[in-house]
2 protein chains.
Amino acid sequence: MEKNTIAEHQHVNDQNNLEENEKNPMTAALQAIGGKWKLLLLDSIRRECPKRFGELRKEMKYITQTTLTAQLRELERDGILTRAVFPEVPPRVEYKLTALGKQLIPIMDALCEWGKLYDENKSKS
Amino acid sequence: MEKNTIAEHQHVNDQNNLEENEKNPMTAALQAIGGKWKLLLLDSIRRECPKRFGELRKEMKYITQTTLTAQLRELERDGILTRAVFPEVPPRVEYKLTALGKQLIPIMDALCEWGKLYDENKSKS
DNA sequence: AGCAATAGTATTTTTTTCCATACTTAGTAT
DNA sequence: ATACTAAGTATGGAAAAAAATACTATTGCT
């Protein structure tokens, strides 16, 4: 995970730095919420916030526990959600959107709307 | 590419059918515009529409030609953009957003805005 | 005749993601 | 004592996505 060769650093820099050292905001967004599960998880959490680990696992029928944990930890690391561990037995862990995460809500709404359009379009062809 | 085993079909059906045969629109959207490059390509095309293959390749500095072609063809297949070949030498191929693709523009705008927020947030920590 | 330009295709290799399985922890219920 | 619970971790491996490399076609230009 921490390879960090010179070549790799160079690559990352080149990719993020457009003309005058300006980052492409779309690239930034995709780094945070790209991937197979993240938007699905966030969409689920925002509909019932806070949400427990086990509920997410049930909803995302085909995600494995390992992957679910990994994705949630990345979202936490990136400041999009918070993870609260309650010192109970059996354990309870709740995930919530942060302020930054909540800013994604209208985008998720719009994406869902677009998804419906896309489906209608598909069935027409 | 066309494996289509029974198990695989079952899986896809289960994943898309929530309670009463209703599709999750977010899943649909992600199937169309998920992946490492698609939103980046669409974001570039919408800023200069139509856009030529070679321009895209220059902008997406680290995409390979093979991947670029594959992604564009999928977006075309999914009704998000059109591909126009001009019978000239050297060849010219132009990509344009369809009506469905144009519906993504406000979403891409919002995502870019969010990307900036995300970056600010990151530099604060 | 040889080369450049554009937009590819074909094939193989690498990287990234994701999954399967087994194990853990601590208190509570049987 | 043992089983059960929720939310994990550890390890190994497979599948999917993307990349690397080499090749193609056409026609104008030098």
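Order of the sequence lines fixes the chain letters, A, B, ..., with proteins taken first and strands second; residue numbering starts at 1 for each chain.
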Residue mapping more 5' on DNA chain C - nearest nucleotide basis, Glu94(B) or Pro91(A): Glu94(B)

Heavy-atom closest pair, residues Lys51(B) and Ile45(B): CD-CA, 4.1 Å

From Leu97(B) atom CG to Leu42(B) atom CG, the distance as rounded to the nearest 0.5 Å: 6.5 Å

Base dA10(D) to side chain Thr66(A), donor-acceptor N/O within 3.5 Å cut-off: yes

Distance-only donor-acceptor test, Glu88(A) side-chain atoms vs dA6(D) base atoms, 3.5 Å: no

Glu74(A) CD to dT17(C) C1', straight-line distance once rounded to whole Å: 10 Å

Pairing of Asp43(B) and Lys38(B) as salt bridge, 4.0 angstrom limit: no

dG8(C) OP1/OP2 closer than 4.0 Å to side-chain N/O of Arg73(B): yes

Val89(B) reachable from Phe53(B) in the ILVMFWY side-chain graph, under 4.5 Å edges: no

Among dG8(D), dT6(C), dG8(C), the nucleotide that comes nearest once only the side chain of Arg83(B) is considered: dG8(C)

Exercise: identify the closest heavy-atom pair between Trp114(B) and Ile107(A): CB-CD1, 4.0 Å

Sugar-phosphate only, base, or nothing, as touched by Tyr95(A) at under 4.0 Å among non-hydrogen atoms: sugar-phosphate

Separation of atom CD in Gln31(B) from atom P in dA17(D), rounded to whole Å: 11 Å

Whole angstrom value for the distance that separates C1' of dG8(D) from CZ of Phe86(A): 16 Å

Distance test, side-chain N/O of Arg52(B) to OP1/OP2 of dA7(C), below 4.0 Å: yes

Gap between atoms CG and C1', on Leu56(B) and dT6(C) respectively (whole Å): 13 Å

Length of the line joining Leu30(A):CG and dT16(C):C1', which is rounded to integer Å: 16 Å

Under 4.0 angstrom between Thr64(A) side-chain N/O and dA20(C) OP1 or OP2: no

Short side-chain N/O contact from Gln65(B) to OP1 or OP2 of dA22(D), under 4.0 Å: no

d(CG, Leu72(B); C1', dT9(C)) in whole Å: 15 Å

Sugar-phosphate only, base, or nothing, as touched by Glu55(A) at under 4.0 Å among non-hydrogen atoms: nothing

Lys36(A) vs dT16(C): side-chain N/O to OP1/OP2 distance below 4.0 Å: no

5'-most by nearest nucleotide on DNA chain C - Pro90(A) or Thr69(B): Thr69(B)

Atom-pair distance (CG on Leu41(B); C1' on dA18(D)), nearest Å: 13 Å

Spacing between Phe53(A) atom CZ and dT25(C) atom C1', to the nearest angstrom: 15 Å

